[in-house]
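Starting from 1, each residue takes its place in the sequence as its number.
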Amino acid sequence: MIISWNTTNQCNMYCKHCYRDAGAKVDEELNTEEGKALLGEIAKAGFKIMIFSGGEPFMREDIVELVQHATSLGLRPVFGTNGTMIDDVMAKRLKQAGTMGVGISLDSVTAEKHDKLRGFPGAWESALEGMRNCKNNDLSFQIHTTLMDWNYDEIEELTDLAVEMGAVAHHIFFLVPTGRAVTIEEESLRAEQYESVLKRIMSKQKEVDIELKPTCAPQFMRIAKEMGVTTRFQRGCLAGTSYCIISPKGRVQPCAYLDMEVGNIRKTPFSEIWKNSEIFNTLRTLEYTGGCGNCKYKVACGGCRARAAFYNDGDYMAEEPWCLYHGRKGLATDESVG
């Protein structure tokens, strides 16, 4: 099981697609002691992979202390970051604290495009420098790319760059309109493009040794099976089933892009929220409607619950809109993949 904590809303960038609308630090963010207590509850609930994200997590002065505490609890600390604040000293500290991996955002093979999306001159080169610092300190890292219509044709080149830099994986995030990304919804891909690019990614997977993982495009599970690509993943959408996210102020929601509060850790211990939330337990039934409900791949795929909610007036159990399959090629008994 995997969980993400947006440790702060503070960020040194102002990205057009940010789901958290990050920038300035917000009032009443969880302090160090609250953070440590939260990590204890996360371990108690049975989670293993602990993602520290933001905002920009390295803007928290206590971030290494929090990583050390997570490690002491048996969690596997990893990061989601823009990479610009990972100098050689920070990379060493992270490695010593028990960090298992770092995901660094890179959205184009050209600096100009990446910097424009991130609203930060020099972001591209700083991200690459962060990768070099990780590699030089034997700290595993991977590249994270948000896929939109304008970088649609760059994915294979970005994978090649990931290989060149020494990344262990390239994870491709399919845009979901939430937070600031609502304003660029028209830049997200549609069903035909989704199907096409997922096939391209799976084809590329056959050519490279590093892991390629589409995120918020759970249909890749079906396509991987159809194309004979072996993947370690057992399910596409994890929201509320084996994944959730916690905001800087302790707000719990099913995933980063499904913006609905299921509880707050300042009012209820996280382990109880995870076990008893009505929304989480509804998601775990897999009782979807429309094409997702009929689809033989619903166990392996699940459709993007956040995208379903956005395009169906908040109905997170509705049909995923950007899928060509939708179970119409056969209504066989559910089957899992992987």
Say whether, by atom type as modelled, one donor and one acceptor occur between the side chain of Gln219 and the main chain of Gly303 under 3.5 angstrom.
no
Across all chains, not counting sequence neighbours, the side-chain contact (heavy atoms from CB on, under 4.5 Å) partners of Arg93 are Val64, Val89, Met90
Relative to the ring of Tyr194, is the ring of Phe174 parallel (under 30°), tilted (30 to 60°) or perpendicular (over 60°)?
tilted
Please enumerate all residues that pass side chain to side chain donor-acceptor pair (under 3.5 Å) together with Ser203, with sequence neighbours excluded.
none
When you compare the side chains of Asp107 and Thr145, does any donor N or O come within less than 3.5 Å of an acceptor on the partner?
no
Using side-chain contact (heavy atoms from CB on, under 4.5 Å) as the criterion, list what pairs up with Thr71, not counting sequence neighbours.
Val67, Pro77
Please list, chain by chain and in numerical order, all residues satisfying ring-ring contact (aromatic ring centres under 6.0 Å, His included) with His69, sequence neighbours excluded.
none
What pairs with Ala162 under side-chain contact (heavy atoms from CB on, under 4.5 Å), at least two apart in sequence or on another chain?
Ile143, Ala167, His170, Ile210
I would like to know whether Ile265 and Glu41 meet side chain to side chain contact (heavy atoms under 4.5 Å, CB included); could you show each step before the answer?
CA-CA 9 Å; Ile265 63 103; Glu41 280 289 309; over 6 Å; no
Any donor-acceptor pair under 3.5 Å linking the side-chain atoms of Gln253 with those of Ser247?
no
Could you tell me which residues satisfy side-chain contact (heavy atoms from CB on, under 4.5 Å) with Thr268, sequence neighbours excluded, listed by chain and number?
Glu272, Ile273
I would like to know whether Glu112 and His114 meet side chain to side chain donor-acceptor pair (under 3.5 Å); could you show each step before the answer?
CA-CA 6 Å; Glu112 181 181 3; His114 177 81; over 6 Å; no
Do Met260 and Ile279 come close enough that some side-chain heavy atom pair is under 4.5 Å?
yes
Is the number of heavy atoms from other residues, nucleotides or ligands within 6.0 Å of NZ (Lys206) greater than 12?
yes
May I ask you to decide if the ring planes of Tyr297 and Tyr325 are parallel, tilted or perpendicular, using 30° and 60° as cut-offs?
perpendicular
Side chains of Glu56 and Asn12: do they bring a donor and an acceptor to under 3.5 Å?
no
Counting only heavy atoms not in Glu125, do more than 12 sit closer than 6.0 Å to its CD atom?
yes
Among residues at least two apart in sequence or on other chains, which ones pass ring-ring contact (aromatic ring centres under 6.0 Å, His included) with Phe270?
Phe47
Partners of Arg284 by salt bridge (Lys or Arg N to Asp or Glu O under 4.0 Å), sequence neighbours excluded?
none
Not counting sequence neighbours, which residues clear ring-ring contact (aromatic ring centres under 6.0 Å, His included) with Phe58? List them please.
Phe79
Please enumerate all residues that pass salt bridge (Lys or Arg N to Asp or Glu O under 4.0 Å) together with Asp87, with sequence neighbours excluded.
none
Which residues satisfy the salt bridge (Lys or Arg N to Asp or Glu O under 4.0 Å) test with Lys204, sequence neighbours excluded?
Asp160, Glu207
So, Asp62 and Thr32: side-chain donor and acceptor under 3.5 Å apart, yes or no?
yes
Under the side chain to side chain donor-acceptor pair (under 3.5 Å) test, which residues partner Gln96, sequence neighbours left out?
none
Taking side chain as C-beta onward, heavy atoms only, is Arg76 less than 4.5 Å from Met50?
no
Under 3.5 Å, is there a donor on one side chain and an acceptor on the other for Asn137 and Lys95?
no
Side chain to side chain contact (heavy atoms under 4.5 Å, CB included) assessment of Cys304 paired with Cys237:
CA-CA 6 Å; Cys304 175; Cys237 182; 5.5 Å; no
Here's one to test your reading of the geometry: is the NZ or CZ of Arg305 within 45 degrees of the ring axis of Tyr288 and under 6.0 Å from its centre?
yes
